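What follows is a set of notes on a single structure, which appears directly below.
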2 protein chains.
Amino acid sequence: MNLSQIELLRILQETNFSLSKAAEKMNIVQSAVSRQLQLFEGEIGSPLFERHGKKLTAMTPLGLRIIEEVNAINQAKNNIQALAADYLDSNHGVLHIATTHTQAKYFLPKPILRFREKYPGVRIYMDEASPEQLINKLHTGKADIAICTEKVADDVYLAVKSCYEWHHAAIMPKNHPLADGEVTLERLASFSILTYSFGFTGRSNIEKAFEKSESKLDIVLSAADTDVIKTYVRLGLGVGIIAGMAYDATIDSDLVARDLSHLIPCSKTKIAYLKNNYLPLYGQHFIDELLQAVSKGNL
Amino acid sequence: MNLSQIELLRILQETNFSLSKAAEKMNIVQSAVSRQLQLFEGEIGSPLFERHGKKLTAMTPLGLRIIEEVNAINQAKNNIQALAADYLDSNHGVLHIATTHTQAKYFLPKPILRFREKYPGVRIYMDEASPEQLINKLHTGKADIAICTEKVADDVYLAVKSCYEWHHAAIMPKNHPLADGEVTLERLASFSILTYSFGFTGRSNIEKAFEKSESKLDIVLSAADTDVIKTYVRLGLGVGIIAGMAYDATIDSDLVARDLSHLIPCSKTKIAYLKNNYLPLYGQHFIDELLQAVSKGNL
DNA sequence: GGATTTTACGCATTTCGTAAGTATT
DNA sequence: AATACTTACGAAATGCGTAAAATCC
C-alpha cells in the first residue's frame, strides 16, 4: 500500500471508475494505473471494483468501505500539505468559497473586500452552486467554506455556524397597489408572486409563513437568482419576494421594497466547513471576521 | 510524502525521537531512516523536530500539529488492513481487551468463554492496566476494547457504552461482628476498611457515599486487585469493600458478604473503543453480546 | 570513547513508459 | 472500428545497505 495507490482510488471515484481518465489526471500512462490497481487489490486480497469484463463498473461493498478510509487518508494528507504551506507563509494561498448567488452578490461583497485588504496575497475562488451542491463541494474538497441560508444537512463531519439574520422583503414597481397600505399575508397572496426556487435563500421560510395561513401564494416565477426576480418584477410580472439585503435603495430606486419581517420568519445565513479539513489561518480569520462583523453590524 | 515516512513519524513518537530505535522497529538501517526524515522535512519546508545538535529532542509546534494528521493516516491505514483481513476471514484474528483486574477475573470470564465457543480462531489478548492507562492503550492502538468501571474521560474520539450495573459488598470473616445485624454507614465506618485503590473499580462511588456522611472510612489497605483485598481480610485486617460480583459463595465460603446497595451508589461497567478504529466483526459481536447478555442476566 | 546522527556511493527494488495484445461496445 | 483495459519488457527513479565521517554526552 502506498500513497499513490490511495490517490488513485480517490481519483477513480471522480472519473466514474475510468482507469484511462484517472491516468490522465495523475499524469502517468494508463498501464501504470492498471498495474497499481492490480497490486493494491492483490494486497487487499479481494476485488474492490465490480467488473464487466475488463471494465470497472462499480465498487464492491468492501471497496465502498475502504474508500471511506481512503478519503480519510487523503484528507489528512491534504491537511499536512496545507499546514506546511500555511506555516511557511500564512498570507498567501487560495480560498474556495462555495455559496449561492444571493449571498455572493448581496452579503459577501463587503466582507470579502475587507478580507482582500488584509490578505492581498490570497486568491479567492467564488463558486456558485445550489445549497444542496454546496455540501457536496465541501466533501469533495472543491470548497473550503460553504455559505448559505437553507438548512445544511445534519452531518457529523460538518461544522455549521450561524452568522447573519435577515428578513425577506417584497419588491414591486413604484406605482404598484402594494406600495401603499398595510402588508398582510392575504394581501400579498392576492398578487402574482416571483421568488426563489425551492431550496434557495430562505424559500423554506416563505413556505412556512403560508403553511398555516388560508391564503396560498401564486408563484408565477421562481429563480435561484435575485437579479432574475428583479428583472421580471420590473417587467410587471408581479410582486417579488427577495432577501431584504438584496434591495439596494440606489440601484433599485425604480422599485419599492416593503419589509416582511412581521410575516415571514427570519432567515439565518450559515457558514459550514468540514471539521476534518485544515483551514489556513486566513480562512479561519475570514470566518471569524464574518461572525464578528455581522454581530457588530459592520456590513 | 509516502506511507513509510508517515509510519516513521508515528514510530518516532514511541521511541522518544530516537532514529536508531525507530530504524530497528522498522527493520531497516538507521541511515535510511535519517534520510527519509530529511526528505520529509525538506518536502514540508520546515523542521518538525527540535534538535540539540544532531539529536532530536522534541517536536516543533508544526510537528505536533502534523503528527495529529499522521496518526489519522495511520489509523485509516490500519483500518484498511483490518477490513481486508476481516473480509477474507471474519473468524480469525486477534482481539486486544484492556481491562482492570476485577473485570478480568469476575466479570469477563463467562462472556469470554461464550465468545471463544463462537470464535475459536480468534486469539484474545487480555491486557491488565489501571483505568487511566486503559484509554491510552486505545489511543496508541495497543487495545481494541477497554472495559472498566470508573469514568472514562470525556473524549470525542471515544465511544462509551454502559453494559453492566453492580453494587459493592462488604466481606469479612465468618465470626465478624458485622456479619450480623443491620449494615449502616456508621457501623461500617467503625471497622478498619480494605478496598480498591483510587481510580479503581467504583472507588469513586465509595467516596461519594461517605462524602455527605459524618462517618469517615478508616482505609487501612487499598489495592487494585480484589484478591489482594480478600487475602488481607482473611488475615483479619478488617472489613473489605469489594465489587459484589467478586464474592463467590463457593470459593469464599469462609467469608461473609453483605450487600451494600442501600449505602453505596450503583457502579456501571463500561465498554470503550475508538470511534475511528475499525473493529473486526467478531469484535463488534463481542461488544453486542456483552451488552445483550447482561441485559438478559446471562452471566 | 561510546552512542547517535549524517553523508557518500553502489546496488537492489520499484515503478514508469513504450508497445503490443486482448476484450468490450 | 473504436475504446478501454492488460501484459511484457526495457529504462528511469527511488530507496536501501555498507562504510566512513561528524557530532554529542
Side-chain angles (χ1 to χ4, degrees), chain A residues 1-60 62-63 66-67 70 73-74 77 80-81, chain B residues 1-60 62-63 66-67 70 73-74 77 80-81:
Chain A
M1 192 188 317
N2 61 47
L3 281 181
S4 37
Q5 289 166 344
I6 298 294
E7 173 76 359
L8 169 58
L9 289 183
R10 185 188 68 78
I11 291 182
L12 279 174
Q13 300 175 84
E14 293 181 351
T15 60
N16 205 30
F17 316 125
S18 158
L19 293 185
S20 32
K21 283 180 193 158
E24 203 173 342
K25 281 208 180 193
M26 297 179 77
N27 297 314
I28 55 176
V29 293
Q30 186 272 332
S31 71
V33 162
S34 174
R35 211 166 332 105
Q36 286 305 319
L37 180 59
Q38 283 175 36
L39 285 171
F40 191 73
E41 284 188 320
E43 194 176 333
I44 295 299
S46 316
L48 302 179
F49 292 88
E50 310 276 8
R51 287 171 168 82
H52 276 6
K54 287 186 173 179
K55 211 168 181 182
L56 284 66
T57 55
M59 304 211 72
T60 62
L62 177 64
I66 286 184
I67 272 291
V70 165
I73 292 177
N74 257 296
K77 193 187 81 179
I80 290 175
Q81 284 161 346
Chain B
M1 192 189 315
N2 62 47
L3 281 180
S4 39
Q5 289 166 345
I6 298 294
E7 173 77 0
L8 169 58
L9 289 184
R10 187 188 67 79
I11 291 181
L12 280 173
Q13 299 176 87
E14 292 180 353
T15 59
N16 206 28
F17 316 124
S18 159
L19 293 184
S20 33
K21 282 179 194 157
E24 203 173 341
K25 281 208 179 192
M26 297 179 76
N27 297 313
I28 54 176
V29 294
Q30 186 271 331
S31 70
V33 161
S34 175
R35 209 165 335 104
Q36 286 305 320
L37 180 59
Q38 283 175 33
L39 285 172
F40 191 74
E41 285 188 319
E43 195 176 333
I44 295 298
S46 317
L48 303 179
F49 292 90
E50 309 275 6
R51 288 170 167 84
H52 277 6
K54 289 186 173 181
K55 211 167 183 182
L56 284 66
T57 55
M59 303 210 73
T60 62
L62 177 64
I66 286 184
I67 272 291
V70 165
I73 292 178
N74 258 296
K77 193 188 80 179
I80 290 176
Q81 284 160 347

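Naming: A, B, ... by sequence-line order, numbering from 1 per chain. Just so we're clear, the structure is a prediction, and the values are computed from it rather than from any experiment.
When the nucleotides D/dT6, D/dC16, C/dT5 are ranked by their closest atom to the side chain of B/Ile28, D/dC16 comes out on top.
Checked by atom type, the side-chain pair A/Ser4/A/Asn2 shows a donor-acceptor distance below 3.5 Å.
Counting any heavy atom pair closer than 4.0 Å across all strands shown, A/Phe17 reaches sugar-phosphate atoms only and no base atom. A/Gln30 comes within contact range of at least one nucleobase, with a heavy-atom separation under 4.0 Å.
Note that the CE atom of B/Met59 and the CG atom of B/Leu12 stand 7.5 Å from one another [nearest 0.5 Å].
Separating the CG atom of B/Leu39 from the P atom of C/dT5 is a distance of 17 Å, rounded to the nearest angstrom. Here the P atom of nucleotide C/dT15 and the CG atom of A/Leu3 are 12 Å apart, to the nearest Å. Distance CE (A/Met26) to P (C/dG17): 11 Å, rounded to an integer number of Å. Going from atom CD of A/Gln5 over to atom P of C/dT14 covers 12 Å, rounded to whole Å. For the pair B/Asn16 CG and C/dT5 P, the interatomic distance rounds to 11 Å; values are reported in whole Å. Protein atom CD of A/Gln36 is 13 Å distant from nucleotide atom C1' of C/dG17, rounded to whole Å. Rounded to whole Å, atom C1' of C/dT5 lies 9 Å from atom CD of B/Gln38. Nucleotide C/dT5 holds its C1' atom 12 Å from the CG atom of B/Leu12, rounded to whole Å.
Contact detail for B/Leu8 and B/Ala22: the closest heavy-atom pair is CD1-CB, 4.0 Å. Residue A/Ser46 comes nearest to A/Leu62 through the heavy atom pair CB-CD2, 3.7 Å, listed as atom of the first residue, atom of the second, then distance.
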Heavy-atom contacts, protein to nucleotides 8-14 of chain D, under 4.0 Å, summarised as B (base), S (sugar-phosphate only) or - (none) per nt, yield B------
List the protein contact pattern of nucleotides 20-25 of chain D with one symbol per nucleotide (5' to 3'): B for base contact, S for sugar-phosphate-only contact, - for none; contact means a heavy-atom distance under 4.0 Å. --BSS-
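For residues 5-53 of chain A, the pairs satisfying ring-ring contact (aromatic ring centres under 6.0 Å, His included) are A/Phe17-A/Phe49, with sequence neighbours left out.
Scanning for salt bridge (Lys or Arg N to Asp or Glu O under 4.0 Å) contacts around A/Glu7 gives A/Arg10, A/Lys77, with sequence neighbours left out. Under the salt bridge (Lys or Arg N to Asp or Glu O under 4.0 Å) criterion, B/Arg51 pairs with B/Glu41, not counting sequence neighbours. In terms of the side-chain hydrogen bond (donor to acceptor under 3.5 Å, both in side chains) criterion, A/Ser31 has no residue partners (sequence neighbours excluded).
Between B/Ser20 and C/dA3 there is no side-chain polar atom (N or O) within less than 4.0 angstrom of OP1 or OP2.
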Applying salt bridge (Lys or Arg N to Asp or Glu O under 4.0 Å) to A/Glu14 and A/Lys25, what does each step give before you reach the verdict? CA-CA 10 Å; A/Glu14 293 181 351; A/Lys25 281 208 180 193; 3.2 Å; yes
